[in-house]
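Single-structure report; data block below.
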There are 2 protein chains.
Amino acid sequence: MGIAERKLRQKEEMRTAILEAAWQLVLADGWQSLSIRKIAEAIEYSVPVIYHHFENKDAILLEFTRQGFQQLTQEVEEACQKESDVASQLEAMAQAYWNFAFNHQEYYQLMFGLGIPTCETVNRVAEMKSFSHMVVEVLRRAIARSSHPEVDPWLKFHTYWSILHGLVSIQMISKQAIVDPRNQPVLQDAVSGFVKLLQS
Amino acid sequence: MGIAERKLRQKEEMRTAILEAAWQLVLADGWQSLSIRKIAEAIEYSVPVIYHHFENKDAILLEFTRQGFQQLTQEVEEACQKESDVASQLEAMAQAYWNFAFNHQEYYQLMFGLGIPTCETVNRVAEMKSFSHMVVEVLRRAIARSSHPEVDPWLKFHTYWSILHGLVSIQMISKQAIVDPRNQPVLQDAVSGFVKLLQS
DNA sequence: ATACTCCGTTAACACTGTTATAAAATATAA
DNA sequence: TTATATTTTATAACAGTGTTAACGGAGTAT
């Protein structure tokens with residue numbers, strides 16, 4: 001009875017065909033414009049067949065999210081194994097993480113739910129510049145008082161902001177719960193570390 | 001001729017009515033489910049009137065983004081002014097930033113294009129746990145070799161990951177450009193600072 | 001009173017995810 | 001081989017979405 005086997009094989013082929021077509025569409029036009037109908041047209045089948053292989057559109061996206069995390073883990077791990085001492089490992093891993101994010105932007109944006117307001121959108125928001133400016137001034141004073149007054153305050157601002165934004169978004173993703181602001185050891189850990197280093 | 005003034009006033013009132021209705025809808029059901037038709041129904045006008053006040057849906061969202069950055073700047077600045085020395089200022093500002101993000105999650109998510117995969121979605125991705133586990137193991141070794149072996153590796157992981165994610169997403173938002181991985185002073189700055197502190 | 005400019009409407013276009021229903025193709029049993 | 005049962009595929013619809021063209025009516029200006 002090779003019939004059942006053939007059917008299973010065909011089912012698997014169809015599944016990967018859907019994923020491959022979807023991926024091509026994403027590479028061409030981004031996540032925002034991906035649609036079930038476009039996938040159906042690409043694989044030259046009608047729309048409902050897709051629903052025989054995936055419960056809904058989110059299931060397709062979830063599949064890619066999984067693939068993304070697999071690949072991220074693999075690349076970071078490889079970078080780690082190329083180094084011997086722990087400090088170099090952590091730095092190499094950070095670099096690998098960064099490389100993954102920008103070499104596979106589509107993956108990264110999906111994995112972390114980044115709608116990505118385009119560069120134009122951001123530049124239109126003058127209010128963002130006020131914010132940057134305000135924080136930079138504080139950092140400038142801190143740097144002036146430190147033992148390394150040549151440090152670039154904009155570099156430090158970028159770092160400071162990134163730490164804050166990273167803390168917030170990772171927290172938002174991992175826990176929906178409302179958090180007591182007075183109980184944030186991670187925030188304390190990261191910020192006090194940053195400040196200590198700034199003043200050293 | 002008070003007529004022209006009255007018309008201008010009415011136009012302004014309509015504009016704020018649209019924004020207020022939109023805001024209520026967002027508070028009730030989130031950004032994802034906000035639609036022009038729902039706004040129209042809420043203000044008891046037909047759909048096209050909205051297009052007389054805003055070019056399109058994005059223009060409405062942009063308005064809220066602006067408001068968000070204004071409010072964020074204000075709250076962070078107030079927190080800054082309550083402190084005297086720079087270190088306390090930077091820490092208070094970080095706390096204010098954090099508070100803003102979680103007290104006005106809708107604003108924050110819009111401002112940074114966070115689609116926010118829900119907690120359930122994230123938990124379904126087992127691959128995320130592999131990643132976490134892998135990194136935690138490296139941190140555990142680093143902590144064991146440091147002079148503070150009692151430090152929680154999961155706390156440090158959370159910090160490490162947040163720094164990386166923050167760097168990446170801020171970079172993705174502010175510059176569309178493809179970046180040369182060998183030229184990332186901010187990444188160097190943040191990660192080497194983290195590692196130094198970890199080993200101290 | 002006539003012409004004209006707004007303001008607001010209805011109705012449509014071109015999409016989206018999802019699904020009920022019907023038909024065609026295939027597999028099984030007689 | 002024929003007839004029945006099963007699975008696979010397609011058509012067409014539902015309920016939404018953003019956006020806009022076309023039309024009506026009220027208020028203003030000449």
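Just so we're on the same page: letters track the sequence lines, and every chain starts at 1.
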Mutual orientation of the aromatic rings belonging to Phe112(A) and Trp161(B) [parallel < 30°, tilted 30-60°, perpendicular > 60°]: perpendicular

Ring geometry between Phe100(B) and Tyr107(B) (parallel below 30°, tilted from 30 to 60°, perpendicular above 60°): parallel

Could you state the [atom1]-[atom2] distance from [X] to [N], rounded to the nearest angstrom?
{"X": "Ile39(A)", "N": "dT16(C)", "atom1": "CD1", "atom2": "P", "result": "11 Å"}
{"X": "Glu41(B)", "N": "dG8(C)", "atom1": "CD", "atom2": "P", "result": "18 Å"}
{"X": "Phe54(A)", "N": "dT19(C)", "atom1": "CZ", "atom2": "C1'", "result": "18 Å"}
{"X": "Gln32(A)", "N": "dG17(C)", "atom1": "CD", "atom2": "P", "result": "12 Å"}
{"X": "Glu13(B)", "N": "dC7(C)", "atom1": "CD", "atom2": "C1'", "result": "16 Å"}

Glu55(B) CD: over 12 foreign heavy atoms closer than 6.0 Å: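 No, not enclosed.
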
Neighbour count above 12 (heavy atom, 6.0 Å) for Gln81(A) CD: yes

Check: Phe157(B) ring centroid to His133(B) ring centroid under 6.0 Å: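 No, they do not, as the ring centres are separated by 6.0 Å or more.
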
Side-chain donor-acceptor pair present, Glu20(A), Gln24(A), cut-off under 3.5 Å: no

Nucleotides 7-18 of chain D: protein proximity per nucleotide (B base, S sugar-phosphate only, - neither; heavy atom, under 4.0 Å): -SBBB-B---BB

